[in-house]
Engineer: 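Sharing a structure with you now.
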Amino acid sequence: MGRTLAAAAAAVLVAAVLLCCSYEARGEETDDVKESLVEFLTTLAGGGDVGQAKARALGWDESVNPCPGTTGNGNASNWGRQVVCFNNEDRNAGKIKAIFLQSQNLSGTIDASLLCAAPALRVVNLQNNALTGGLPAACAGLTHFFVDRNRLSGSLPSSLGQSRKLLVLDVSGNSFSGELPDSLRQIPGLVRFWANDNDFQGTIPDFDLSNFVSFNVSSNNLTGPIPKDIGTFDISSFADNAAGMCGKPLFPECPPSPPTSGNDGERKSKKTRKILMYLGYILLGCVIAGFVVYKLCTRKRKNKLGKKGRGRRGKDTFDSSSDPTTMTTTVSKSVSAYSLPASSERSPTAAARGAPSVSLVVLRRSGTGSVTSTAAAAAAKDLRFEDLLKSPAELLGRGRYGSSYKVVVPGGAALAVKRVKDATVTDDEFRRRMERVARARHPAVLPPLAFYCAAQEKLVVYEYQSSGSLHRLLHGSIESSQAPLDWPARLHIATKVAEGMAFMHSAMRGDGASSYASSTSSSVETVAAVAEVAIAHGTLKSSNILFTTSMEPCISEYGVIAPPFVAGANTGGSSRSSGLRADVRAFGVLLLELLTGKATAAQGDGSELARWVTSVIQEEWTAEVFDRALLSRDGAVNEQRMVRLLQVAMRCIDAAPGEAPPTMREVAGMVNAIRDEDDRSLSAEA
């Protein structure tokens with residue numbers, strides 16, 4: 001009997017625990033939170049009977065659950081329109097998300113300890129009241145905090161920098177004084193900051209304004225240098241401050257800091273340091289001079305040995321593997337350029353050892369659909385490896401996998417040469433890859449004209465595109481005369497790149513035609529293509545999207561750096577995700593660059609940009625993602641289409657759980673559908 005009673009008691013205890021847990025999972029605000037928020041409003045309204053009457057008038061009642069949660073009312077609150085709740089589908093369902101108390105004739109003070117009792121609170125708007133006192137630290141979970149147009153005074157607390165989730169902070173139109181806390185720079189996601197029309201003194205913290213959407217510290221008593229990176233902001237963000245504001249490009253250059261006076265010991269110490277510094281310079285100069293003399297003597301000795309060797313070889317012998325470094329000396333000194341670095345496999349030493357000399361392979365050009373001009377194709381037709389080494393070259397850029405050069409060959413044609421070092425593919429595989437890429441012709445894909453294979457490096461030759469890259473148009477310097485790309489231009493670029501990538505994935509997988517105009521491949525060639533490995537782009541990014549003379553986008557460097565993928569029956573396996581799937585993800589990052597106007601890390605894969613966009617979307621402030629220049633130039637554009645393109649980008653980067661990643665053909669279909677809708681909208685408006 002005793003055991004039965006004990007078991008029954010245990011069952012009752014377990015049921016009570018489960019009931020309690022289920023109640024907590026529902027997410028209802030606790031009594032402590034409700035009491036604290038009602039007291040917070042009472043304090044805002046001046047306290048006492050007046051404050052309590054204001055709370056009752058607005059419908060704030062601690063005996064009433066403010067957020068029904070699972071009752072089906074969505075964002076509606078039982079506390080009135082000034083309170084917004086989380087959606088029922090949200091993990092914080094049943095809790096308060098935002099408080100809007102702007103323009104309520106509140107004349108009390110802000111008590112942060114009462115406000116922060118609501119841990120899920122994200123947005124607080126107290127603007128346009130008559131609040132007094134100082135500004136306490138913002139709650140840790142807040143993303144938007146508005147206290148502008150009040151009568152607040154004192155200095156901003158340095159603890160504001162601990163609000164790591166803060167996206168928007170507006171303290172303008174008050175009587176704040178003191179210095180702007182340097183800790184504000186530590187808030188990683190801050191994109192909007194207004195502190196204008198106050199009495200702030202001192203200097204402006206060195207914000208990285210390239211990440212900001214809005215920024216204004218005008219009409220204060222600030223002085224000294226402005227932030228080094230001011231992004232796209234103009235002088236209106238810093239106007240009407242104290243004399244002494246400096247820093248280019250908006251103000252005169254800041255003067256050097258005056259030297260501080262010190263005692264005799266300090267002056268002697270400085271003099272000793274200067275003497276040691278000068279002695280170091282002298283010693284370094286002696287070392288450099290000795291090294292130069294040594295190299296000159298060594299080169300002179302080698303030249304003598306070389307003349308003897310050539311005398312024994314005879315005058316009629318032509319060595320196509322002569323040292324490329326000696327060829328570069330024939331370039332005219334009036335040309336401001338340097339020569340393309342040569343492969344060690346072409347050196348005289350390698351030739352003397354009997355190493356094979358691999359010549360430059362010129363790819364045959366036929367059919368239609370190519371963006372390569374006739375002049376560039378003609379220049380590449382008779383191109384030799386020695387011509388590349390002898391011609392003046394200009395470094396265009398360096399990357400993780402190699403360097404790019406602009407080379408002007410005999411005849412005046414300009415070519416672009418991609419030099420890849422330490423490639424993981426064999427010479428035979430690289431040869432087959434380039435030949436297949438050259439056969440797949442599409443107007444949005446820049447085909448290779450020639451290539452060269454060596455053991456340690458590869459060269460790929462393209463026609464040089466003088467109109468620049470998408471990276472330069474999106475992230476060019478502030479002095480650039482190029483106007484920002486508008487919405488139709490960005491959508492056009494996204495469409496063309498998606499079509500080109502979808503075509504190349506189909507052609508390089510061996511399941512489609514290899515010509516944009518028509519396919520003339522025989523059935524035997526088609527079967528052979530299917531048996532070959534699939535080729536992905538490998539390094540799709542904004543710097544590899546170039547523009548033709550007519551400003552049409554074209555994809556460059558397709559397949560130059562790409563992991564091999566064997567096409568077969570198992571098309572949904574891990575090998576696809578490592579090749580063609582990586583291209584889809586890279587295209588998603590490219591869409592994020594087009595929509596946000598933000599650049600990815602130089603050596604990164606766009607993960608940091610994707611994380612930033614995801615964090616903003618999760619807070620349901622999607623509009624903060626889009627490029628400010630895009631919104632300002634296209635105020636009347638239907639933002640829904642921009643959101644749809646953003647959804648396509650996020651699906652490319654990270655498909656939803658249980659959802660298969662899209663292929664490039666599916667992605668191209670989605671982007672084309674958005675463009676068709678945009679065209680119909682423009683036609684209707686016209």
Side-chain angles (χ1 to χ4, degrees), residues 36 40 43-44 99 108-119 121-127 129 131-231 233 237-238 241-242 244-247 254 257 612 615 619:
S36 296
F40 168 73
T43 306
L44 279 181
I99 295 176
T109 58
I110 303 173
D111 191 333
S113 62
L114 298 174
L115 177 66
C116 298
L121 189 62
R122 295 291 180 265
V123 181
V124 175
N125 191 335
L126 306 175
Q127 62 186 187
N129 285 289
L131 299 174
T132 58
L135 180 71
C139 305
L142 281 186
T143 60
H144 294 66
F145 194 26
F146 302 89
V147 294
D148 51 299
R149 289 171 287 168
N150 280 283
R151 300 174 186 174
L152 300 173
S153 58
S155 59
L156 296 184
S158 59
S159 55
L160 278 173
Q162 299 175 7
S163 303
R164 310 295 289 176
K165 295 183 178 181
L166 203 59
L167 301 174
V168 178
L169 177 61
D170 191 349
V171 298
S172 62
N174 284 283
S175 299
F176 288 116
S177 58
E179 295 188 356
L180 291 171
D182 192 66
S183 61
L184 291 174
R185 298 191 302 116
Q186 302 171 5
I187 304 177
L190 190 63
V191 294
R192 298 180 187 271
F193 177 61
W194 297 278
N196 50 290
D197 298 294
N198 281 286
D199 295 316
F200 288 114
Q201 298 112 24
T203 59
I204 305 172
D206 192 16
F207 293 99
D208 182 5
L209 297 184
S210 62
N211 296 323
F212 277 66
V213 177
S214 296
F215 181 84
N216 195 335
V217 293
S218 62
S219 300
N220 283 285
N221 292 314
L222 297 169
T223 186
I226 63 176
K228 298 182 180 65
D229 189 349
I230 64 169
F233 296 103
S237 298
F238 307 92
N241 273 287
M245 191 75 74
C246 62
C254 297
S257 301
W612 177 80
S615 65
E619 299 298 337

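The structure presented is a predicted model; accordingly, all values stated were derived computationally and were not measured.
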Engineer: Rounded to the nearest 0.5 Å, what's the gap from CD1 on I110 to CG on L114? Could you check?
Structural biologist: 12.0 Å
Engineer: Considering residues at least two apart in sequence or located in another chain, which fulfil the side chain to side chain contact (heavy atoms under 4.5 Å, CB included) criterion with S177?
Structural biologist: D199, Q201
Engineer: By side chain to side chain contact (heavy atoms under 4.5 Å, CB included), which residues pair with T203, not counting sequence neighbours?
Structural biologist: P225
Engineer: For the residue pair T109 and L44, establish whether any side-chain heavy-atom pair is separated by less than 4.5 Å.
Structural biologist: no
Engineer: Per the salt bridge (charged side-chain N to carboxylate O under 4.0 Å, His left out) rule, what does the pair list look like for residues 206-226, sequence neighbours excluded?
Structural biologist: D206-K228
Engineer: Would a distance-only check, ignoring hydrogens and angles, find a side-chain to backbone donor-acceptor pair under 3.5 Å from N196 to S218?
Structural biologist: no
Engineer: For a 4.5 angstrom cut-off between non-hydrogen side-chain atoms, does F238 reach V217?
Structural biologist: yes
Engineer: Checking N129 now: which residues fulfil side-chain hydrogen bond (donor to acceptor under 3.5 Å, both in side chains) with it, not counting sequence neighbours?
Structural biologist: none
Engineer: Quick one: side-chain hydrogen bond (donor to acceptor under 3.5 Å, both in side chains) partners of D111, sequence neighbours excluded?
Structural biologist: S113
Engineer: From F40 CZ over to C116 SG, what is the distance, rounded to the nearest 0.5 angstrom?
Structural biologist: 9.0 Å
Engineer: Enter the distance from I204:CD1 to T223:OG1 here, rounded to the nearest 0.5 Å.
Structural biologist: 9.0 Å
Engineer: I'd like to check the side-chain hydrogen bond (donor to acceptor under 3.5 Å, both in side chains) partners of S219; sequence neighbours left out, ordered by chain and number.
Structural biologist: none
Engineer: Are V147 and L152 close enough that some pair of their side-chain heavy atoms sits under 4.5 Å apart?
Structural biologist: yes
Engineer: Determine, stepwise, if the pair V123 / F145 fulfils side-chain contact (heavy atoms from CB on, under 4.5 Å).
Structural biologist: CA-CA 6 Å; V123 181; F145 194 26; over 6 Å; no
Engineer: Nearest 0.5 angstrom please: I99 CD1 to L126 CG, how far?
Structural biologist: 8.0 Å
Engineer: The criterion is side-chain hydrogen bond (donor to acceptor under 3.5 Å, both in side chains); which residues satisfy it with N221, sequence neighbours excluded?
Structural biologist: none
Engineer: Using the side-chain contact (heavy atoms from CB on, under 4.5 Å) rule, take W612 and V191 through it: C-alpha gap first, then chi angles, then the decisive distance, then the call.
Structural biologist: CA-CA 11 Å; W612 177 80; V191 294; 4.0 Å; yes
Engineer: F212: which residues meet the ring pair (Phe, Tyr, Trp, His ring centres under 6.0 Å) condition with it, sequence neighbours left out?
Structural biologist: F207, F215
Engineer: Please list all pairs meeting salt bridge (charged side-chain N to carboxylate O under 4.0 Å, His left out) that have one or both residues in residues 152-161, counting only residues at least two apart or in different chains.
Structural biologist: none
Engineer: Does anything in residues 152-174 pair up under side-chain hydrogen bond (donor to acceptor under 3.5 Å, both in side chains), and if so which pairs, sequence neighbours excluded?
Structural biologist: D170-S172
Engineer: Any heavy-atom pair between the side chains of L121 and L115 that's under 4.5 Å?
Structural biologist: yes
Engineer: Where do N198 and N220 land on the side-chain contact (heavy atoms from CB on, under 4.5 Å) test, with the steps shown first?
Structural biologist: CA-CA 5 Å; N198 281 286; N220 283 285; 3.1 Å; yes
Engineer: Considering only residues two or more places apart or on different chains, which pairs with a residue in residues 133-152 satisfy side-chain hydrogen bond (donor to acceptor under 3.5 Å, both in side chains)?
Structural biologist: Q127-D148
Engineer: Measuring only between side-chain heavy atoms, which start at C-beta, is V213 closer than 4.5 Å to F193?
Structural biologist: no
Engineer: According to salt bridge (charged side-chain N to carboxylate O under 4.0 Å, His left out), does anything in residues 171-185 pair up with another residue at least two apart or in another chain? List the pairs.
Structural biologist: D182-R185
Engineer: Specify the closest pair of heavy atoms between P181 and P205, including all atoms of both residues, with the distance to one decimal.
Structural biologist: O-CG, 3.7 Å
Engineer: Would you mind reporting whether L190 and L167 have side-chain heavy atoms less than 4.5 Å apart?
Structural biologist: no
